[in-house]
There are 2 protein chains.
Amino acid sequence: MHAEQPVRSGRAKRLPRAVRERQIMDAAVDVFSRLGFHAASMDEISEVAGISKPMLYAYLGSKEELFATCIRREATRMMEAIANGVEAEEPPDVQLWSGLRAFFGFVGENRASWQVLHRQASSQGGPFAEELADMRGRAISLVAALLVHSSDFTNVPRAGDKEAESLAAALVGAGESLADWWLDNPEEPAGVVAARLMNLVWMGFGDLVAGDVWHPPSRRSEHASEGKEGV
Amino acid sequence: MHAEQPVRSGRAKRLPRAVRERQIMDAAVDVFSRLGFHAASMDEISEVAGISKPMLYAYLGSKEELFATCIRREATRMMEAIANGVEAEEPPDVQLWSGLRAFFGFVGENRASWQVLHRQASSQGGPFAEELADMRGRAISLVAALLVHSSDFTNVPRAGDKEAESLAAALVGAGESLADWWLDNPEEPAGVVAARLMNLVWMGFGDLVAGDVWHPPSRRSEHASEGKEGV
DNA sequence: CGCCTTACCTACTCGCCAGTAGGCTTACCT
DNA sequence: AGGTAAGCCTACTGGCGAGTAGGTAAGGCG
């Protein structure tokens, strides 16, 4: 939630192209996330960005190009945030936990990004959804690899790659969905939401109902049922 | 996927109001699901319905009213489908399984309904999202009740109502999301998708990775890892 | 048979928004 | 200083789509 700088009045100060482009992108993400692709108008985006419409067209092209660019930028930012949060040497459950925390952390601090990325991109058809599917694909591969690796650690014969991928898809889906739900129920901190999903997907209802919970390997240790780990 | 009856040419046959309203609603769901709320035009809906625009306005009111009516109708149909699939006397895991099968069965046979219901309704803000949130709320309560009841069956002290509700939210979210994913990957049968989610949420990755799976209490028995149950 | 209600139509208005034409101004470079 | 290019603007067009005005046919019923 950046504080978009206020509406301009009169001529805007001269700025180098790169800076303006950044401002415009920020404005576009903001407006697209609030209004949706169709309802968002180039007039409003230019106004929020503090410039006039022709500048918008001069720098970022048509409305569709602009939107696609937003999606690509935000997707990249998010994947990087997650990658930075995970240590490849840790055991699988810890890696998953770190990934979830990084993911929900990103969403929490970039609600607009997530909104435009997920809800808007997926409800417009066409090339936008593909862009998104692409990112989801990368995320799924990541998790699938984690799972395969994870069963290597155990004594289990072999949990087919295909099956791992399905499960990964389900988990990524659950994450997307929980993040969406969180948008509408923002009172809870990121750590709690992440812990909830971690427990659900790692332990399952079966265990939870029986009273078992997963919790991160001790650091400052946690009281029983709801990991309140930092964001 | 109903075969919408073809485009009319000339004057439409006189029909009683109730019948026309049904036709119009079907057309509206179809068009909204394909194009999204904003891109859908009243002209196109009226054309698909086989009547003229003023009829549309006469019967169903403004575009927004029409959309809201679609959401309500489809939400009701869906909740009924699920309710009909579940027997209150069964043990909790079986109830959950039946519910999931009914849910994915409905989505499979009513892709357009689901699309309009979930993707469209949630990406438009305003009263539409509320309508949807309402339905989700009912679904969550249902699952939460199931969970609470479920831990009554075990010897566990008590899994706070609040926590049950969170988990229910996560599960419902996972279901929504997996259904969405399924829209884009329609090759798999409903039963497989349902089984996948069942395993994920009931067993958890922890157990799955260790080689344990959940499967429905024997009927014609299933070979190991991927429940290919009905629907 | 004629009257009226209900179903249905064609043909507009009007506002909004993507995209553009054409011109002004400020900074930098020689 | 003065040229020039990069940054910026106001003010338009053109099309599309929501919603309406005002009229035509068809079935029912006295």
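Chain letters run A, B, ... following the sequence lines, proteins first and then strands; every chain starts at 1.
Contact between the side-chain N/O atoms of R20(B) and the OP1/OP2 oxygens of dC8(C) is found at a separation under 4.0 Å.
With salt bridges taken as basic N to acidic carboxylate O contacts below 4.0 Å, one links E44(B) and R34(B). R77(B) has a carboxylate O that lies under 4.0 Å from a charged side-chain N of E74(B), or vice versa, which qualifies the two as a salt bridge.
One interatomic measurement links the two molecules: CE of M55(B) to P of dA25(D), which rounds to 16 Å at whole-angstrom precision. Atom CG in L56(B) sits roughly 15 Å away from atom P in dA7(C) (whole-Å rounding). In this structure, L60(B) places its CG atom 13 Å from P of dG19(D), rounding to the nearest Å. The nearest whole Å value for the distance from the CD atom in E21(B) to the P atom in dT6(C) is 14 Å. For the pair R17(B) CZ and dC8(C) P, the computed distance is 10 Å after rounding to whole Å. Rounded to whole Å, the distance from CG on L35(A) to P on dC16(C) is 14 Å. Look at CD1 on I51(A): it is 7 Å from P on dC9(D), rounded to the nearest Å. Spacing between atom CD of Q23(A) and atom C1' of dG7(D) amounts to 13 Å, rounded to whole angstrom units.
A side-chain donor-acceptor contact under 3.5 Å links R119(B) to the backbone of D180(B). Counting only distance, with no hydrogens or angles, the side chain of Q124(A) and the backbone of A129(A) share no donor-acceptor pair below 3.5 Å.
Residues W114(A) and F104(A) keep their aromatic ring centres 6.0 Å or farther apart.
Other residues, nucleotides and ligands contribute more than 12 heavy atoms inside 6.0 Å of the CZ atom of R138(A).
With a cut-off of 3.5 Å on both Watson-Crick or G-U wobble distances, the partner of dT30(C) is given as dA1(D).
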Show the distances under 3.5 angstrom between N or O atoms of the protein and N or O atoms of nucleotides 26-30 of chain D.
| from | atom 1 | to | atom 2 | distance (Å) |
| --- | --- | --- | --- | --- |
| dA26(D) | N3 | R14(B) | NH1 | 3.4 |

Pairwise N/O distances under 3.5 Å, protein to nucleotides 17-21 of chain C:
| from | atom 1 | to | atom 2 | distance (Å) |
| --- | --- | --- | --- | --- |
| dA18(C) | OP1 | A40(A) | O | 3.2 |
| dA18(C) | OP1 | K63(A) | NZ | 3.0 |
| dA18(C) | OP2 | M42(A) | N | 2.8 |
| dA18(C) | N7 | K53(A) | NZ | 3.3 |
| dG19(C) | OP2 | Y57(A) | OH | 3.2 |
| dG19(C) | OP2 | K63(A) | N | 3.0 |
| dG19(C) | N7 | K53(A) | NZ | 2.7 |
| dG19(C) | O6 | K53(A) | NZ | 2.7 |

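To the nearest 0.5 angstrom, L146(B) atom CG is 6.0 Å from L96(B) atom CG. We find the OG1-OH distance between T69(B) and Y59(B) to be 15.5 Å, quoted to the nearest 0.5 Å.
Relative to the ring axis of F37(B), K63(B) places its NZ or CZ within 45° and under 6.0 Å from the centre.
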